[in-house]
Amino acid sequence: MRQQAQHYSALSQPILAMSELVCKTLDNDTTDMLIDKWLEHRNDAYWEWFQAVRQRKHASNTLRHQVIVWNKGDFAPENIFCRTVDTGRLIPLDRTWTTHVYHHRSMQDRKLSMMPVVFTMLPELMLLRGMHDLGCDDVYIIVTDLKRQEMDDVTEYFKLVCRYAYGGRTCKPSITSQIQYDHMRLCHTLLKQRRTPCFPQIDIAFRAILYEKRPPFIILFSHQTTSYSQIFFTHPHFVPSEDIFFDFPSGCPNPCCSDDCEMIRFPRRGVEVAAILSIKRGGRYGKKIKAKEMCNWIDCDASFSEETQRYAESSEGSEGSQSSADCGDTSSSSSTNGLVCSKCRLVKYCSPEHQRKDWDEHRRVCAKPASLGVVVVLLGCTCTMLCQLHTIMSIRYLTARLAQQIDEELMGAWGAFSIDQLMELAGLSCAQTLEKVYDKEKYRRVLVCCGPGNQGGDGLVAARHLRMFGYEPTIYMPKPGSKDIYKRLHKQCDNMKIKSLPPDATIDELRSTLSSTDVILDAIFGFSFKGPIRAPFDEVLPLISSSKKPIVSVDIPSGWNVEKGNEAGVGIVPDVLVSLTAPKEGVRSFKGRHFLGGRFVPKAMEERFQLNLPEYLGAEQIVELSQEQEPQRL
Ligand SMILES: NC(=O)C1=CN([C@@H]2O[C@H](COP(=O)(O)OP(=O)(O)OC[C@H]3O[C@@H](n4cnc5c(N)ncnc54)[C@H](O)[C@@H]3O)[C@@H](O)[C@H]2O)[C@@H](O)CC1
Ligand SMILES: [K+]
C-alpha cells in the first residue's frame, strides 16, 4: 500500500487500489427498502413538489420538453416518469440502483451505518437515477466532513484538475504549478482542521472512481450541518434540465431557506449552476459523450438521428399500438425516424412491436395532453374565447411555499422590487375589483378589515384608492401591523380623512359598524396564514361572516388553509375573490367571482415558474378568471 501511495501526486492518475477509504455497498434491495421508508415518512416540501409536478403535466407538448410526468395512480415511484438526459426515454422512477459509499475507516470502527447518508439524499438520488439511463446502475458517494468554504475550494480544484490533467494528461507549466499549489493548500488546510478523510484520500478516491468507473455523476457528501453536499457531473449532457427542477426543495427543513443554505447542491437551475467536470473524452480515456434519442423500449438500442428526424405517427394511440404492431414492422436496428405515441406524444419507438412491448409500463403515464382535451370540448367557441378558456384552465395554483418563494424572488436581487411597489399594485387591484363589482352609488360604505401582515398593507392601499374612486371606506385593524410601511400607509389614509375604528374597538362597536356597511373588504390573512385562528380574529371572523354583507376577499379568503381551502369551515366565505400574482391551491373550489390582480410579474418569471397567467387587457390591473354567474355590476 505504502509503495503504491508513493506514486500518488496531483498530476498522476490514481487507481482505486491506492485508496484507503472503506467502501460500503448498498445493493438494490436495500435502496428499495430505503425508498419505501421515505415514502412512509416523506418530507412535506418534497411531497408538495411532486404534487406540483402533476399540475405541470403537458405544459409543453413537444417531445423533448416534458421531463417529468405523473398522470395516473398514487404517489409511488412506478407512477412518476422521468425523461432521461442521455437517451431521451421517459422511464419510471422505480429503477433502483446500487450505492457505493466511500468513507473513512474510523466510521466503520465506530460502527456507523451508511444508510443515513443515502437516506438524506434519497429524493435527489431517485431523480438523478431516473434521469440517467445508461451507466447509472451504480451511484458513487464519498463521505467527508468538509465545511462550506472547503467544499467550494475542493469543487474548484476538481474542476481544474479534470479540465487540464484528467487521466494524468500533461498540461502547461503555469497550470501545472497552479494545480500543485492548490493541492498543497487543500492538503494543508484540511489537515490543520483535522478533517477525515484527509484531502489526499478524497482526491485519490474521487479521481480513481472517475477514471475507473466513469459515472455520469459523483457525489461528495458532507456531514457538516453548515455545509452542503456537492454533485459533480462528468459532462454537461448529464445535468438534468432546469425546466422542472427550478423549485425543487433545497433539502433544508427551514421553509425560509435561501439558495445559499442548500443541503444538497442539486442543479435546480440546470447547467448554469451545476458543478461540471469538463473531462476531455475520446481516445484512450473513453468514448465521447453524445446525447442520443433512443427507442423508449428499454431493451432496444435503436437511436434516432437528430438531423433526419421525421416523426412518423402511429395511426392510433398507444392503446392502439397492439393493432399497429400486428402490421409486422419489427425492425429494431438503428433508425432515422420513429413512431411517436399518438395519444400522449411524449415517447418514440423504432417499431410497433417495441411500442407494444413497452405498453405495460407506458400505460401508467400515457394520457392525452390537457390542451387537446380543451380543443375538443370547445369546438363550438370563438377563437378568442377558446384561447381565454384554455389559458384559464391551465393557470397554475400555488402552494404556500411557492407563493412565498415567488414573493421573495420578486423582492430579491433578480426581481429588484420593493415591498411598497408590490403592495401598491396589489392594493390597487383589490380596489379595482371591488369597484368593478359593487357600484359606488349603491355600495358606498366599505369596511376595510386589515390583518397584521402584508395583506393588511394591501388593505390600507385599497382603502386609499377606494376613497379616490368615490367610496367611503372605514378601516378596521384589530391588530395593527408593527412594520414602518404599515404605519406610513395608515398615515396616508388619515391624511385623506379615512375613518378608522380603534384597534381595541369592542365586538359591539364592530357589530354596529357592520350594520352600517354596504360591502366588506377582507384583507386579514393571506398566504402566510396557519390555523387555528388566534385572538382577536377568532371573534372577528365569525362576526364578519354572520353580517350577511357582501365580501370581497384579498388573495385567499381569511381563515382558509392556503392549500386545503375552508376544510375547517371557520373561514370567511366571500362573494368575490381577488387572487394576487396567481391563485392559491386552496381556492380551486371557490364558487364566486374570481379575479386575478398583482400585475407585476415579469414574463421571464412567469415562464420560469410556469404560472401560465391570463392576459390583462389594456391598462387593467385585474382580469376575471371565472364566474358562476354572468358578469354584472351590482
Ligand atoms: N407577491 C405577492 O403576491 C404579494 C403579496 N402581498 C400580500 O402579502 C400577503 C402575504 O403577506 P404576509 O406573508 O405578511 O402574511 P399575511 O398577510 O398572510 O399575514 C401574516 C400575519 O398573520 C398572522 N397570522 C397567521 N396565522 C394566524 C392565525 N392563525 N391567527 C392569528 N394570526 C395569524 C401572522 O402572525 C402574521 O402577522 C399576500 O397574501 C398578499 O395579500 C402584497 O402585499 C405584495 C405582493
Ligand atoms: K384574505
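All values reported here derive from a predicted model rather than from experimental measurement. Computed from heavy atoms alone, side chains included, the values below leave out hydrogens, waters and symmetry copies. Numbering of ligands and ligand atoms starts at 1, following listing order.
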Pick whichever of G453, S528, S558 has a heavy atom sitting closest to atom 15 (O) of ligand 1.
S528
CD1 of I544 to CD1 of I520, rounded to nearest 0.5 Å, is 5.5 Å
Identify, for atom 30 (N) of ligand 1, the protein heavy atom at the shortest distance, and state residue, atom and that distance.
R534 N, 3.0 Å
Closest non-hydrogen protein atom to atom 40 (C) of ligand 1, residue and atom name please, with distance?
D458 OD2, 3.3 Å
Salt bridge flag under 4.0 Å for residues K497 and E472:
no
Determine yes or no for a side-chain-to-main-chain donor-acceptor pair under 3.5 angstrom, with T399 supplying the side chain and L402 the backbone.
yes
Return the residue, atom name and 0.1 Å-rounded distance of the protein heavy atom closest to atom 4 (C) of ligand 1.
D407 OD1, 3.5 Å
Counting backbone and side-chain atoms alike, is an N, O or S atom of I556 positioned under 3.4 Å from the K ion (ligand 2)?
yes
Side chain, backbone, both or neither: which part of A403 comes within less than 4.0 Å of ligand 1 when only heavy atoms are counted?
neither
Output the list of atoms in ligand 1 that are nearer than 4.0 Å to some heavy atom of D555, sorted by atom number.
38 (C), 39 (O), 40 (C), 41 (O)
Got a sec: is V554 within less than 3.4 Å of the K ion (ligand 2) via an N/O/S atom?
yes
Does NZ or CZ of R265 lie under 6.0 Å from the centre of the six-membered ring of Y228, at an angle within 45° of the ring axis?
yes
Between K491 and D494 (salt bridge meaning N to carboxylate O under 4.0 Å), is one present in this structure?
no
So, taking the atom named CG in L521 and the one named OH in Y471, what distance separates them when rounded to the nearest 0.5 Å?
11.5 Å
N, O or S from S553 under 3.4 Å to the K ion (ligand 2)
no
Which ligand 1 atoms does T581 reach within 4.0 Å, using its non-hydrogen atoms?
1 (N), 2 (C), 3 (O)
Would you call E606-R396 a salt bridge at under 4.0 Å N-O?
no
In a check of side-chain hydrogen bond (donor to acceptor under 3.5 Å, both in side chains) between D518 and each of R444, K549, R445, which one passes?
R445
Using the ring of each side chain (for Trp, its six-membered ring), is H465 parallel, tilted or perpendicular to F469, with breaks at 30° and 60°?
tilted
Which residue holds the protein heavy atom closest to atom 29 (N) of ligand 1, what is that atom called, and what is the gap in Å?
K530 O, 2.7 Å
Would you say G531 has any N or O atom under 3.5 Å from an N or O of ligand 1, going by distance alone?
no
Using the six-membered ring wherever Trp is involved, compare the ring planes of F75 and W38 and label them parallel, tilted or perpendicular (cut-offs 30° and 60°).
tilted
Checking a contact table here: which protein heavy atom is nearest atom 44 (C) of ligand 1, and how many Å away?
L422 CB, 3.7 Å
Protein heavy atom at shortest distance from atom 17 (O) of ligand 1
Q455 N, 3.1 Å
Looking at ligand 1, is there an atom of it that comes within less than 4.0 Å of some heavy atom belonging to I406?
no
For OE1 in Q455 and O in D522, the angle at the K ion (ligand 2) (nearest 10°) is 80°
Ligand 1 to I524 polar contact by distance, N or O atoms, under 3.5 Å:
no
Could you tell me whether F537 and ligand 1 have an N or O pair separated by under 3.5 Å?
no
Compute the minimum heavy-atom distance from G451 to ligand 1 and say whether it is under 4.0 Å.
no
Measuring from atom CZ of R534 to atom CZ of F529, what distance do you get when rounded to the nearest 0.5 angstrom?
8.5 Å
Atoms of ligand 1, numbered as shown, that sit under 4.0 Å from any heavy atom of L580
40 (C), 41 (O)
Sequence neighbours left out, cut at 3.5 Å: what donor-acceptor pairs do the side chains of residues 475-484 make with other protein atoms?
from	atom 1	to	atom 2	distance (Å)
K483	NZ	N454	OD1	3.0
D484	OD2	R488	NE	3.1

Residue, atom and distance of the protein heavy atom nearest atom 37 (O) of ligand 1 read P452 CG, 3.5 Å
Could you list which atoms of ligand 1 come closer than 4.0 Å to a heavy atom of G526?
16 (P), 17 (O), 18 (O), 39 (O)
The K ion (ligand 2) to A523: any N/O/S contact under 3.4 Å?
no
Spatial distance of atom NE2 (H594) from atom OG1 (T433) [nearest 0.5 Å]
9.5 Å
Quick test of your reading of the model: are R593 and E624 salt-bridged, counting only N-O distances below 4.0 Å?
yes
Closest protein heavy atom (residue, atom, distance) for atom 11 (O) of ligand 1:
N454 CB, 3.3 Å
Ligand-residue contact atoms, ligand 1 with L410, heavy atoms, under 4.0 Å:
1 (N)
Considering residues at least two apart in sequence or located in another chain, which fulfil the side chain to side chain contact (heavy atoms under 4.5 Å, CB included) criterion with K548?
none
Residue selection (non-hydrogen contact nearest atom 31 (C) of ligand 1) among F529, F525, F527
F525
